[in-house]
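Note on naming: letters A, B, ... go to the chains in the order of the sequence lines (proteins, then strands), and numbering restarts at 1 for each one.
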There are 2 protein chains.
Amino acid sequence: MTDPEFDLDQFLPYLLNQAAEATSRGFQPVYAAYGMTRTQWRVLANLGRFGAMTATAICAASHVEKTKVSRAVTALEGQGLLQRAPDPQDGRAEVLRLTDTGRAVFAALGQEARQHDQALRDRLGGAAGPLEAALRRLIAGA
Amino acid sequence: MTDPEFDLDQFLPYLLNQAAEATSRGFQPVYAAYGMTRTQWRVLANLGRFGAMTATAICAASHVEKTKVSRAVTALEGQGLLQRAPDPQDGRAEVLRLTDTGRAVFAALGQEARQHDQALRDRLGGAAGPLEAALRRLIAGA
DNA sequence: TCAAACTGGTTGCATTTGCAACCAATATCG
DNA sequence: CGATATTGGTTGCAAATGCAACCAGTTTGA
């Protein structure tokens with residue numbers, strides 16, 4: 001007996017991508033209004049939440065490639081949203097920190113992000129919790 | 001009272017992206033071994049499942065941009081995995097169809113995809129069903 | 001029947017990405 | 001110590017993407 005045909009529409013990675021695309025796209029205009037790309041927004045969000053940290057720390061925390069972070073940092077610095085300072089502990093590393101402007105932008109975007117997120121959760125009703133748990137398991141298990 | 005700080009780590013679009021990345025990346029080497037990109041694999045999968053169809057139909061079915069599909073089709077044709085034929089109904093459209101080679105590749109990849117998917121579902125246990133349902137809701141509601 | 005609006009598909013160009021190679025500073029270890 | 005491997009971070013280059021402009025057929029409607 002032959003296996004049933006493969007159906008892309010039941011392939012979890014595909015569904016995850018679709019859902020990620022669909023939900024992310026809705027928020028894009030928000031950070032795009034600040035001239036930011038998705039990666040930049042993520043870096044900003046990490047710095048906003050964790051305060052001063054090094055680029056590698058951001059990589060580790062957000063699972064983003066070094067090079068992406070590097071370029072995002074350059075861009076954010078150019079926009080005056082963050083500052084670099086030499087790391088006293090390690091001559092190679094730089095400590096990144098949001099400027100006042102950066103913090104203000106983070107506050108504004110964070111606010112909108114929370115609303116966006118809440119809207120999604122409302123749409124999901126009780127399914128939001130289990131969804132989150134499942135996602136975390138997939139992320140961890142990778 | 002001030003709102004609690006925004007935590008990227010509880011932002012659904014972010015979690016969805018992470019999970020999508022994590023699960024997709026695991027499968028990438030498989031189609032990469034055939035010299036394919038993700039979009040190419042998706043187009044192949046659609047044609048494999050639905051048989052002959054037009055490029056716009058693929059766009060509609062898989063929520064992929066025209067231009068991405070267009071280029072993927074060119075590439076797949078170059079690799080001898082699909083053929084184009086004029087659409088008798090509409091002079092502008094082309095009917096796409098997998099070649100024998102294309103079908104063979106689809107069979108092989110589909111096989112591996114199913115295994116990959118099964119591994120993910122095993123890891124999720126009972127959470128797989130609800131996850132899928134939630135994802136579909138997010139995709140539809142977008 | 002013929003111009004205007006529309007649709008299937010491709011192309012150009014500027015941006016974003018991934019990967020590997022690359023500096024410079026730090027650890028490691030004989 | 002000094003050579004070697006590691007690690008923080010950047011850069012170059014070759015794809016992959018998004019968007020808008022673009023052809024060529026098709027529909028609409030006066």
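The nearest whole Å value for the distance from the NZ atom in A:Lys68 to the P atom in D:dG9 is 18 Å. Between the P atom of C:dG18 and the CD atom of B:Glu21 lies a distance of 7 Å, rounded to the nearest Å. Look at CH2 on A:Trp41: it is 18 Å from P on C:dT16, rounded to the nearest Å. Taking atom CD of residue A:Glu94 and atom C1' of nucleotide C:dA25, one finds them 12 Å apart after rounding to whole Å. Atom CD of A:Gln28 is separated from atom C1' of D:dG18 by 10 Å (rounded to the nearest Å). The separation between B:Ile58 atom CD1 and C:dT7 atom P is 20 Å, rounded to whole Å. Atom NZ in A:Lys66 sits roughly 10 Å away from atom P in D:dT7 (whole-Å rounding). Remark: C1' of D:dT27 and CG of B:Asp87 are 16 Å apart, rounded to the nearest angstrom.
Remark: B:Thr56 is in phosphate contact with C:dG9, judged by side-chain N or O atoms under 4.0 Å from OP1 or OP2. Note on B:Ser70: every side-chain N or O is 4.0 Å or more away from OP1 and OP2 of C:dT11. At C:dG9, one or more side-chain N or O atoms of B:Thr54 fall inside 4.0 Å of OP1 or OP2 (strictly under the cut-off).
Here A:Arg71 lies in heavy-atom contact (under 4.0 Å) with a base. Nucleic acid contact class of A:Thr39 (heavy atoms, under 4.0 Å, all strands): sugar-phosphate only. Among the atoms of the strands shown, none is found under 4.0 Å from any heavy atom of A:Thr74. B:Asp90 comes within 4.0 angstrom of the backbone, heavy atoms only, and of no base. Note on A:Arg84: only backbone sugar-phosphate atoms sit closer than 4.0 angstrom, heavy atoms only; bases stay farther off.
Interface remark: the A:Arg92 side chain does not form any donor-acceptor pair with the C:dT26 base, using a distance-only criterion of under 3.5 Å.
Screening A:Glu112, A:Arg49, A:Gln111, A:Arg114 against B:Phe6 for a side-chain contact (heavy atoms from CB on, under 4.5 Å) leaves a single residue, A:Arg114. The residue from A:Phe27, A:Trp41, A:Tyr31 that alone fulfils the ring pair (Phe, Tyr, Trp, His ring centres under 6.0 Å) condition with A:His116 is A:Phe27.
Both B:Gln89 and B:Glu65 sit near DNA chain D, but only B:Glu65 has its closest nucleotide nearer the 5' end.
At a cut-off of 3.5 Å, with distance as the only test, a side-chain donor of B:Gln118 or B:Asp122 sits close to an acceptor on the other residue.
The backbone N or O of A:Val95 sits nowhere less than 3.5 Å from a side-chain atom of A:Thr54 that would complete a donor-acceptor pair.
Atom CG of residue B:Asp9 and atom CG of residue B:Leu15 lie 6.5 Å apart, to the nearest 0.5 angstrom.
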